[in-house]
Peer 1: 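Below is one structure. I have some questions about it.
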Number of protein chains: 2
Amino acid sequence: MRIYSWNVNGIRSVAKKDCLPWAILPGAEVICLQETKAQPQQIPDLTDPEGWHGAWHSAKKPGYSSVAILSRDKPDEVVPGLGHDDFDVEGRVLAARFGTLVVITAYFPNSQELGKRLDYKLAFCAHLEGYLAAWRAKGCQVVLLGDYNIAHRPIDLARPKENEKNAGYLPGERAWMDRYLGLGYRDVFRERNPELAGAYTWWTNWGGARQRNIGWRIDYATVSPDLVSRVQDAAIHPMVMGSDHCPVSIDLG
Amino acid sequence: MRIYSWNVNGIRSVAKKDCLPWAILPGAEVICLQETKAQPQQIPDLTDPEGWHGAWHSAKKPGYSSVAILSRDKPDEVVPGLGHDDFDVEGRVLAARFGTLVVITAYFPNSQELGKRLDYKLAFCAHLEGYLAAWRAKGCQVVLLGDYNIAHRPIDLARPKENEKNAGYLPGERAWMDRYLGLGYRDVFRERNPELAGAYTWWTNWGGARQRNIGWRIDYATVSPDLVSRVQDAAIHPMVMGSDHCPVSIDLG
DNA sequence: CATTAGAAG
DNA sequence: CTTCAAATG
């Protein structure tokens, strides 16, 4: 099964551009979306596309953040939120369980200018660890797809040196990625393409950055150790337009 | 001399549409603008078009209200505001004197849903009377061009009955127009076209109202009595696009 | 329905 | 540079 993840930067924006994920992502069986920037009642025509099951978890504040999981099969269970109000009011985490496989999408907080929100982000990361562990304790295999808002290593962004003090590449964020992978979760894309430079999933809108491929890899699909053997492919899709992010995907056998 | 008045609904908006007033209004010698929605420092390229003298009076709040007068001849005097802070912070009145002729532009307040701001508007009107009288006391002839935000009589809007409780056609507003003309100021366009229906200067953006000419005449060029004999023409220009209002003009011999 | 500003990314 | 919301018309 092919699972996609895409930060669409506004589902209504991609709709207007005729780039709806379920219409343009080939072979998708599950689609995780971040930054849909809408509450379900604002987008009645988009919540349940023909042939899909839609699960939506949105921020309290209209037009902010929000995530969704669309799947061809109806999930056995859908769980919105991390179970902690500080984060759940921002609509950042959503899980859909299919048997013992749980597909989790996350839109990690941006740590912001001067790291103004770094503490919030790291607290989110800490709670996420426990949350994932709880799924695993229940006997589930976990795949976590989304916008982590972190470039892990120098190879994961075009201008590492220049960005050492910028949100998304702060030492504290990168250290959390180390920690997370240290827990056994696997960044399969990077494992299979250890030296591949220029593999990015986000580009600023300014100055033709995408055209010139001045980007960052901040969207990931990571899996729990017990899932690695099932991974047939892990890819990024930089030609898919419609957002400032591109989709990533993982194929499970 | 031909004097135009146009509520442009954002000078930056008409610029983007290549509808800049000084580029498209034929034979203009003076142009009064309302709802420019910009402070001069936000639009350095627009404040002093080649071949024109620009005078701008803007609201304190960025992007709100604001008026301007562009003229081929340099005014002998430019006076921003009504001399009353309650109104002048909203950038609604501007005068340019050429000899003893004073061209005044005004963007009257909208009385808003349920007449929420009717009192403010009528206070504005009251102060305006005194302001105009002061110019006349100095020996000036007065022409007042702008968006009065009032349809005076049933003939001045397509749906009078339906709008009797709506901003722009409230009894209090219409009564002020009666009063104002009772002071001797002359609505030359209507005097010369007493029965002309369908002569509107504003149409809502909804539902093809302009296409169907479901509009209101709320923009006027009125003159003090001593100027009537110099009026060669008074017109509206409903084919000029770029705003939800169209320009009006008056020609003085 | 349209413009602008402001928050956020 | 882009999205969305809110205010205002």
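Throughout, a chain's letter reflects where its sequence line sits, starting with A, and its residues are numbered from 1.
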Peer 1: Specify the residues of residues 202-209 of chain B, ordered by number, for which at least one heavy atom lies under 4.0 angstrom from an atom of DNA chain C.
Peer 2: B:Asn205, B:Trp206
Peer 1: Mind listing the residues from residues 214-221 of chain A sitting with a heavy atom below 4.0 Å of DNA chain D? Number order is fine.
Peer 2: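 Under 4.0 Å from DNA chain D: no residue of residues 214-221 of chain A.
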Peer 1: Could you check how far NE2 of B:His245 sits from C1' of C:dT3, rounded to whole Å?
Peer 2: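 For the pair B:His245 NE2 and C:dT3 C1', the rounded distance is 12 Å.
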Peer 1: Atom CG of B:Asp244 to atom P of D:dG9: distance rounded to whole Å?
Peer 2: 12 Å
Peer 1: What distance do B:Lys60 atom NZ and B:Asp88 atom CG have between them, rounded to the nearest 0.5 Å?
Peer 2: 11.0 Å
Peer 1: Give the rounded distance in Å between these two atoms: CZ of A:Arg92 and P of C:dA8.
Peer 2: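 To the nearest whole Å, that distance equals 11 Å.
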Peer 1: Around atom CG of B:Asp85, are there more than 12 heavy atoms from other residues, nucleotides or ligands closer than 6.0 Å?
Peer 2: no
Peer 1: Measure from CD on B:Gln34 to P on C:dT4 and round the result to the nearest Å.
Peer 2: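 About 15 Å, once rounded to whole Å.
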Peer 1: Counting only side-chain nitrogens and oxygens, does B:Lys17 get under 4.0 Å of the OP1 or OP2 atom of C:dA2?
Peer 2: no
Peer 1: Can you sort out the partners of B:Lys17 under side-chain contact (heavy atoms from CB on, under 4.5 Å), two or more places apart, ordered by chain and number?
Peer 2: B:Ser13, B:Cys19
Peer 1: Heavy atom of residues 37-49 of chain B under 4.0 Å from DNA chain C: which residues?
Peer 2: B:Lys37, B:Gln42
Peer 1: Quick check: are there more than 12 heavy atoms from other residues, nucleotides or ligands sitting under 6.0 Å from CD of B:Gln41?
Peer 2: yes
Peer 1: Once side-chain hydrogen bond (donor to acceptor under 3.5 Å, both in side chains) is applied, do any residues pair with B:Thr36, and if so which ones, sequence neighbours excluded?
Peer 2: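 B:Thr36: no side-chain hydrogen bond (donor to acceptor under 3.5 Å, both in side chains) contacts found.
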Peer 1: A:Asp219 and A:Thr201: side chain to side chain donor-acceptor pair (under 3.5 Å), yes or no, with the steps?
Peer 2: CA-CA 6 Å; A:Asp219 300 87; A:Thr201 67; 2.6 Å; yes
Peer 1: Side chain of A:Glu35 only, please: which of D:dA6, D:dT3, C:dG9 is the nearest?
Peer 2: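 Per side-chain heavy atoms of A:Glu35, the pick is C:dG9.
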Peer 1: Over how many whole Å does the gap from A:Arg212 atom CZ to D:dC1 atom P extend?
Peer 2: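 Taking atom P of D:dC1 as the reference, CZ of A:Arg212 is at 12 Å.
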Peer 1: Report the residues that fulfil side-chain contact (heavy atoms from CB on, under 4.5 Å) with B:Ala221, sequence neighbours left out, ordered by chain and then residue number.
Peer 2: B:Leu145, B:Ile250
Peer 1: Which residue pairs pass the ring-ring contact (aromatic ring centres under 6.0 Å, His included) test when at least one of the two sits in residues 157-179 of chain B, sequence neighbours left out?
Peer 2: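 Those involving residues 157-179 of chain B are B:Phe108-B:Trp176, B:Trp176-B:Tyr180.
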Peer 1: So, using side-chain hydrogen bond (donor to acceptor under 3.5 Å, both in side chains) as the criterion, who are the partners of A:Asn110 when residues are at least two apart?
Peer 2: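 Here no residue qualifies.
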Peer 1: Which residues pass the side-chain contact (heavy atoms from CB on, under 4.5 Å) test with A:His237, not counting sequence neighbours?
Peer 2: A:Arg2, A:Tyr4, A:Ala235, A:Val240, A:Pro247, A:Ser249
Peer 1: Between B:Tyr120 and B:Phe87, is the gap from one ring center to the other below 6.0 Å?
Peer 2: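 Yes, the ring of B:Tyr120 comes within the 6.0 Å limit of the ring of B:Phe87, centre to centre.
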Peer 1: In whole angstrom, what separates B:Lys60's NZ from C:dT4's P?
Peer 2: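 Those two atoms, NZ and P, are 22 Å apart.
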Peer 1: Between P on C:dG9 and CH2 on A:Trp6, what's the gap in Å once rounded to a whole number?
Peer 2: 20 Å
Peer 1: Check whether any side-chain heavy atom of B:His57 sits under 4.5 Å from a side-chain heavy atom of B:Val93, and report yes or no.
Peer 2: no
Peer 1: Looking only at side-chain atoms of B:Arg12, point me to the closest of D:dG9, C:dT4, C:dG9.
Peer 2: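 Minimum distance to the B:Arg12 side chain belongs to C:dT4.
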Peer 1: Phosphate oxygens OP1/OP2 of C:dG9: is one of them under 4.0 Å from a side-chain N or O of A:Tyr64?
Peer 2: yes
Peer 1: Looking at DNA chain C, which of residues 104-125 of chain A put a heavy atom within less than 4.0 Å of it?
Peer 2: A:Tyr107, A:Asn110, A:Gln112
Peer 1: The criterion is side-chain hydrogen bond (donor to acceptor under 3.5 Å, both in side chains); which residues satisfy it with A:Trp202, sequence neighbours excluded?
Peer 2: A:Asp244
Peer 1: Nearest to the side chain of B:Lys61 - C:dT3, D:dG9, D:dT8?
Peer 2: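 For the B:Lys61 side chain, the nearest candidate turns out to be D:dT8.
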Peer 1: With a non-hydrogen cut-off below 4.0 angstrom, is B:Lys16 in contact with a base, only sugar-phosphate, or nothing?
Peer 2: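 It contacts nothing in the nucleic acid.
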Peer 1: Applying salt bridge (Lys or Arg N to Asp or Glu O under 4.0 Å), which residue pairs with at least one partner in residues 164-175 of chain B are found, sequence neighbours left out?
Peer 2: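 Residue pairs with at least one partner in residues 164-175 of chain B: B:Lys121-B:Glu173, B:Lys161-B:Glu164.
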Peer 1: Could you tell me the separation between the CG atom of B:Asp147 and the C1' atom of D:dT8, rounded to a whole number of Å?
Peer 2: 13 Å
